[in-house]
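Residue numbering restarts at 1 for every chain, and letters A, B, ... go by the order of the sequence lines. The shown structure was predicted, so the numbers you read here are calculated from the model rather than taken from an experiment.
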Amino acid sequence: MTAAVITGFGVVSALGHGRRATAEALRDGRCGVGPIRSFDAGAYRSGVAAEVNEDPSARAWACALHHESDLPWFGDRLGRTARFASWALAEAMSHAGLSRTDLDPARTGLVLGGCTAGMPEGEGTVLDADPEAAWPPPGAARALLSIPVAGTLDVLAHQCDVRGPTLLVSTACSSATHAFGHALRWIRSGRCDRVLVGGADAFCRLTHAGFNALGLVDPERPRPFDARRQGMVIGEGAALFVVESEPTARARGVSNKGWLAGTGGMAEGWHIVQPRPDGSGAALAMRRALADAGLSASDIEYVNAHGTGTTHNDAAEALAHHAVFGARAPRVPCSSSKSQFGHLLGASGAVEAAAVLLGMDGGFLPPTASWAEADPAIDLDVVPGVARAGTYGWALSNSFAFGGNNASVVLGHPSQRPRETP
Amino acid sequence: MTAAGGVPIRGVGLHTALGHGRDAHLRAIVSGLPAAPATAGALTGGLSAPPPPARELFPDQGALIRRIDRLSRMIVASAGALRDELGGLPAQEEVAVAVGTEFGTTEETLKFLLRLRDKGPALANPMDFPNLVANAGAGYVGILLGLQGPSQTFCQHGCHGDDAIAWAAELVRDGGAQLAFAGAAEEWGGVLRAAHEAVRGPRWAPPGEGAALVGLGHAPSPALARWLCCWAERLPGPPMARWGRGPDPGPAIRAAVVAALRDLGARPSDLSFVVPSAGPAMIAMRAGLDGSDGDPPVLDVPRLAGDWSGDGALRIAIAALLLSNPSSSLGPGIERRPAPLAAVPTLARDGSMRVTLLSEPS
């Protein structure tokens, strides 16, 4: 079975644009949450989010990377979600030492996870329309056509001229983690030599209203695993990865930034919003990922939690952690990067995988920033406050979604070897 | 070329403008009579499905069914029909679900936004929000049937039904599940009608809606057909290419069908019939694949059931039904060839192409 190598990745979020800025923010325990800038949130229970700062320096950075990788630059003609995805892709291609013309279109796949796509632009046709005027207002129909989640996939497929298989996975918060599973499948089967994979989502009023209505949002900042936690804070951004078959990567001499070793998923069949309280569904997803990677729980040295900061999710995830790791559980660090990125919904699995790889590369365990008070029901080493110096060979990253759709991915330090190699 | 490596399709769950269940769809195929278009209300302009019998199929789950959106009800009704066809399910953890949808529940999304605009965030209905996620339908199938296997939802511009079935088939083939419910669904309504009217371009069939699922893998019911493979590639070009501009995709579609057959060691003469998507794929198949042995007859499902994104799942299901019943005609004056395979080519709006090949059950 062909092993899958991550040869490059890019990340855009409220923590900053690019791997370097993100790694510094992770290390320092900085939080990207702040007052909402993109709309007037005065009437909402929560007025905070983790929004991307699209200042001129960010655009200049992105434009330069597009140029370096020979990717078409669409600028503001793209909606926010597609823009973030395009920026992250450009950084990933540059990191992997690839330009558009290096890709063999028929042997390249593209798979993304996402939820919101063009909604930030499309919802305005309704929310900002005169209630007295006839619907749809002019331009609304075209804007609505931009809402489908596949729009982001279109843009990237065109930018890279991908002619192999393409997929857009939309399973809410587990979307991007599932996307890794498809990339791995195509590499292992030999269908693709290279897969561009990741996730992207932009902040919008619809999701902010929805999560506020459910009472799942903290009005100040996310506090995963903390006794005072009140909920999540929505974020936005994207992370894209270049995954290659090991022979392909070896042939061009590109360095390994990490192994994509295994994925696992399941649906709980329990409730459309709440997780199974005993964590059994989450534990099953984690075990399936380990089995797919040919590893056991004893191989894992770090877990990047789903860790939304909601009452139910964090409690269930802690139980799942203990179920999987047994007596070792309190000694397997388990932190939540949502404490810093916010919750990027369909893109969360991708940016959190980036956090795992940045920690591997930088010799630190990403923290659970803002954690201060222990919850007696949650016996975890959450890496509180700032990053902790340390290394880890194999890591697990969890994503648990609406509909009880759970997914986990196993990532490996370049110094490791996947258990099944040709 | 052998069907032995194929994944058995053991049942279908169909709910479209042609009605609910396999019999309604087979009758429509044989008679060649299309569904009647809706002439009033929000569904005007399209071929609309009847109310999905979700409560009848899940009589003990009325409280939950009352809360779910129309698109999810169509999906759940199809899943219930499929469950009944299969005659029994393996262990919960061994049953996977894969559903494709391009737009999700547009009508409920619009209602949520209008309420948000008119009444403010404090009165946004928390019960409505979970129904807006694309994977709500797959989630409700899992909840109502108590399934705990892998679950996926794909959203593309037209080939997500083909992809959902392909993912499920490969999962079963590779031992990741014993059985899978897989297919796609789309709903018609005011939102899509407005978008439809605003976008200029050729119309090949009236817009439709529905849900179509197939059951792949191990179940008590006999196999209808076998899923063999799904050829996947994307034509070059800008996002959301509008057909009628740019190069004719017909040669590429024909080449894809021939290539998919060749990979199996088969030829166009092994095709009993083809069931293409509306538009360029239909035109290409009617133009023929390989004149030397005669071209396979073409079944125009979109003309009967309407053209909806992801209807590759419906066409695959119908192909499976027809393969299981060799004496069934493809419609008035359309005789199938005595051959073991069927091809379901799909060309999506974004230039993605899929060719699913099915074989007779044995």
Is there side-chain contact between [X] and [Y], with heavy atoms separated by less than 4.5 Å?
| X | Y | result |
| --- | --- | --- |
| Pro131(A) | Arg117(B) | yes |
| Gln148(B) | Trp270(A) | no |
| Phe154(B) | His178(A) | no |
| Glu123(A) | Thr109(B) | no |
| Arg288(A) | Pro150(B) | yes |

Roughly how far apart are [X] [atom1] and [Y] [atom2], rounded to 0.5 Å?
| X | Y | atom1 | atom2 | answer |
| --- | --- | --- | --- | --- |
| Arg185(A) | Trp167(B) | CZ | CH2 | 8.0 Å |
| Cys115(A) | Leu132(B) | SG | CG | 11.5 Å |
| Phe402(A) | Asn131(B) | CZ | CG | 10.0 Å |
| Glu268(A) | Gln92(B) | CD | CD | 12.0 Å |

Donor-acceptor under 3.5 Å ([X] side chain, [Y] main chain):
| X | Y | result |
| --- | --- | --- |
| Gln156(B) | Leu168(A) | yes |
| Arg234(B) | Val162(A) | yes |
| Asn405(A) | Ser151(B) | yes |

Which one, [options], leads in non-hydrogen pairs under 4.5 Å with chain B?
| options | result |
| --- | --- |
| Val273(A), Asp161(A), Leu167(A) | Leu167(A) |
| Ala129(A), Pro165(A), Pro105(A) | Ala129(A) |
| Leu284(A), Leu214(A), Thr207(A), Leu206(A) | Leu206(A) |
| Asp128(A), Asn212(A), Leu127(A), Leu153(A) | Leu127(A) |
| Gly281(A), Ala213(A), Ser175(A), Gly215(A) | Ala213(A) |
| Gly164(A), Gly264(A), Ala157(A) | Ala157(A) |

Which atom pair, heavy atoms only, marks the closest approach of [X] to [Y]?
| X | Y | value |
| --- | --- | --- |
| Thr153(B) | Thr171(A) | N-CG2, 3.4 Å |
| Ser352(B) | Thr166(A) | OG-OG1, 3.7 Å |
| Ala124(B) | Ala209(A) | CB-O, 4.4 Å |
| Pro130(B) | Ile272(A) | CB-CG2, 3.9 Å |

Among Gly149(B), Gly139(B), Gly142(B), who wins on heavy-atom pairs under 4.5 Å with chain A?
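So the answer, after comparing Gly149(B), Gly139(B), Gly142(B), is Gly149(B).
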Heavy-atom pairs under 4.5 Å with chain A are the metric here; pick the option from Gln152(B), Glu93(B), Arg354(B) that has the most.
Gln152(B)
Region of His271(A) in contact with chain B, defined by heavy-atom distances below 4.5 Å
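Interface part for His271(A): backbone (N, CA, C, O).
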Which atoms of Val169(A) approach chain B - backbone, side chain, both or neither, heavy atom under 4.5 Å:
both
Measure Ile68(B) against the heavy atoms of chain A and call it side chain, backbone, both or neither at under 4.5 Å.
neither
Contact origin within Leu114(B) toward chain A - heavy atom pairs under 4.5 Å
both
